[in-house]
Amino acid sequence: MSDTNNIRLGVCNIFFDGNDLGYTKGGVEVDVTTNTHPVKADQFGESTINEYIMERNVVAKIPLAETTLRNMVNIMPGATLIETGGAAATGSITVTQPDDGETIVVNGVVITFKEFDADAKKDEVAIGITANDTATNLRAFLNTSYRKELICATYAGADATISITYKTKGVEGNNFTLGAGSSGMTISGVALTGGLDPTAARVDVTNAVGTNLLSIAKELRLRPVENGNDPKDDFIIHKAATAGALNFAYKHDQERIYNAEFKGYPDPITKKLYSVGDPAAA
């Protein structure tokens, strides 16, 4: 049945290899092209009597507005980030066994523990048999979430302790907040600590001649902003790479842009090129 709710507008968040690429300027465009070979026979004149697909390509054109050094490394093969000093902010959560419906707050995201039918799309985590099991479930949720609030850090550790490390060096990591919520779990503090800005940083870029783009291809995921933690409309290029491009205009009325064009390559085994929708569908 037709439904006007299926007609949608809006921008998307961009994640490449599990990293948030930040704001865009001018809109993200995805082009899927398919070329065919028409089959003809003399007896049918110039009529096409059959047709074979010869190629299918997918390209995502992403004008990145956050022209950071780290983003330059993300979209420029042959680029290396060099930093002097600095440190990434860190913290921890020590899990005690929660009751059904109790919560913990990680960087503003309220995570609810459920004894049955936990749904990650609703920021829910299953309660395990032991606190260690619950910590394992929480750690997995945090590491696989595509929420912008959570993807900026990594979550490691063992047993009931979850160690949190902000992905980039700098004082901005000290703004990553923690809250015990209603669960009463032990947190290292109200925020991560120890983040220090590097005293100097630069990116060195080689000409990258001979770089095998397939060998460095990673997952590119586009998610409508309005969907939050729900992957129902995700557009995923499973093996995407970019040759690298910049478009700097040093003008008072024009933003500097990293024009990243990501091309998709089919998986050598499955031939899968891209997917649309929830990866958990089976």
Side-chain angles (χ1 to χ4, degrees), residues 11 13-26 62-94 104-109 111 139 142-157 161-180 186-206 208 216 218-221 223 225 242 244-260 262:
V11 299
N13 292 321
I14 306 101
F15 306 99
F16 182 56
D17 191 25
N19 295 304
D20 178 15
L21 296 186
Y23 295 128
T24 58
K25 172 66 176 179
I62 305 173
L64 298 174
E66 294 192 46
T67 51
T68 64
L69 295 182
R70 188 163 297 277
N71 261 358
M72 184 182 291
V73 173
N74 283 329
I75 60 94
M76 187 69 64
T80 303
L81 176 63
I82 300 172
E83 296 176 311
T84 301
T90 60
S92 66
I93 300 169
T94 300
I104 191 168
V105 185
V106 181
N107 206 26
V109 178
I111 301 166
R139 193 179 294 115
L142 294 169
N143 276 317
T144 57
S145 174
Y146 279 86
R147 275 196 176 277
K148 293 172 72 70
E149 301 93 335
L150 301 177
I151 203 170
C152 54
T154 58
Y155 310 88
T161 299
I162 299 173
S163 57
I164 305 171
T165 304
Y166 204 71
K167 283 186 176 180
T168 59
K169 295 180 180 180
V171 296
E172 69 176 29
N174 299 331
N175 296 323
F176 187 106
T177 60
L178 298 174
T186 302
I187 57 176
S188 57
V190 296
L192 304 187
T193 59
L196 296 173
D197 290 333
T199 56
R202 75 172 188 271
V203 171
D204 289 340
V205 183
T206 69
I216 62 174
K218 303 290 190 299
E219 180 191 272
L220 178 71
R221 184 181 295 244
R223 176 174 295 178
V225 170
T242 174
L246 304 178
N247 181 15
F248 279 178
Y250 289 95
K251 299 179 180 180
H252 73 278
D253 61 347
Q254 188 169 333
E255 296 82 0
R256 287 179 291 171
I257 299 295
Y258 290 170
N259 282 307
F262 289 87

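- When side chains are defined from C-beta on, Leu81 counts as touching Arg70, because their heavy atoms get closer than 4.5 Å.
- Of the options Asn19, Thr68, Val203, Thr80, a side-chain contact (heavy atoms from CB on, under 4.5 Å) to Val73 is made by Val203 and by none of the others.
- The shortest non-hydrogen separation linking Gly194 to Ala87 is O-CB, 3.6 Å.
- The aromatic rings of Tyr146 and Phe15 sit perpendicular, their planes meeting at an angle over 60°, well past the 30° parallel limit.
- For Asn107 (side chain) and Glu149 (main-chain N/O), a donor-acceptor pair under 3.5 Å exists by modelled atom type.
- Looking only at side-chain heavy atoms (C-beta outward), Ile164 and Leu142 stay at 4.5 Å or farther from each other.
- The only member of Ile75, Thr242, Leu220, Ile257 that meets side-chain contact (heavy atoms from CB on, under 4.5 Å) when paired with Ile62 is Leu220.
- The shortest distance between side-chain heavy atoms of Leu178 and Val106 falls below 4.5 Å.
- Residues Ala201 and Glu83 come closest through the heavy atom pair CB-CG, 4.1 Å.
- Nearest heavy atoms, Gly91 versus Ser188: CA-OG, 3.3 Å.
- In this structure, Arg256 contributes its side chain and Thr67 its backbone to no donor-acceptor pair below 3.5 Å.
- In terms of heavy-atom proximity, Leu150 sits nearest to Ser145 at CD1-OG, 3.6 Å.
- The NZ atom of Lys218 sits 10.5 Å away from atom CG of Asn74, with the distance rounded to the nearest 0.5 Å.
- Between Asn71 atom CG and Met76 atom CE the span is 11.0 Å, to the nearest 0.5 Å.
- Remark: the backbone N or O of Lys148 is not paired with any side-chain donor or acceptor of Asp20 at under 3.5 angstrom.
- The backbone N or O of Leu196 sits nowhere less than 3.5 Å from a side-chain atom of Lys169 that would complete a donor-acceptor pair.
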Next item on the list: Determine, step by step, whether Thr24 and Val11 satisfy the side-chain contact (heavy atoms from CB on, under 4.5 Å) criterion, reporting the C-alpha distance in whole Å, the side-chain angles of both residues, the deciding distance to 0.1 Å, and the verdict.
Entry: CA-CA 9 Å; Thr24 58; Val11 299; 5.6 Å; no

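- Remark: the backbone N or O of Gly195 is paired with a side-chain donor or acceptor of Asn174 at under 3.5 angstrom.
- No donor-acceptor distance shorter than 3.5 angstrom exists from the side chain of Lys25 to the backbone of Tyr23, with no hydrogens or angles considered.
- Take Arg202 and apply the salt bridge (charged side-chain N to carboxylate O under 4.0 Å, His left out) test, not counting sequence neighbours, and it matches Asp204.
- Formation of a donor-acceptor pair under 3.5 Å by the Asn143 side chain with backbone atoms of Tyr155 is found in this model.
- Here the shortest heavy-atom pairing between Thr165 and Ala88 reads CG2-CB, 4.1 Å.
- Note: Phe16 and Phe262 have tilted aromatic rings, judged against thresholds of 30 and 60 degrees for the angle between ring planes.
- Formation of a donor-acceptor pair under 3.5 Å by the Thr94 side chain with backbone atoms of Thr161 is not found in this model.
- Contact check for Ile216 versus Pro77: side-chain heavy atoms found under the 4.5 Å cut-off.
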Notebook entry, point to check: What do the steps show when you test Ile111 against Val109 for side-chain contact (heavy atoms from CB on, under 4.5 Å), and what is the final call?
Noted result: CA-CA 6 Å; Ile111 301 166; Val109 178; 4.1 Å; yes

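- Among all heavy-atom pairs drawn from Ala153 and Lys167, the shortest one is O-CE, 3.8 Å.
- At a threshold of 4.5 Å between non-hydrogen side-chain atoms, the residues Thr186 and Ile93 do not count as touching.
- At least one side-chain heavy atom of Cys152 sits less than 4.5 Å from a side-chain heavy atom of Phe176.
- A donor-acceptor contact shorter than 3.5 Å is absent between the side chain of Tyr166 and the backbone of Val171.
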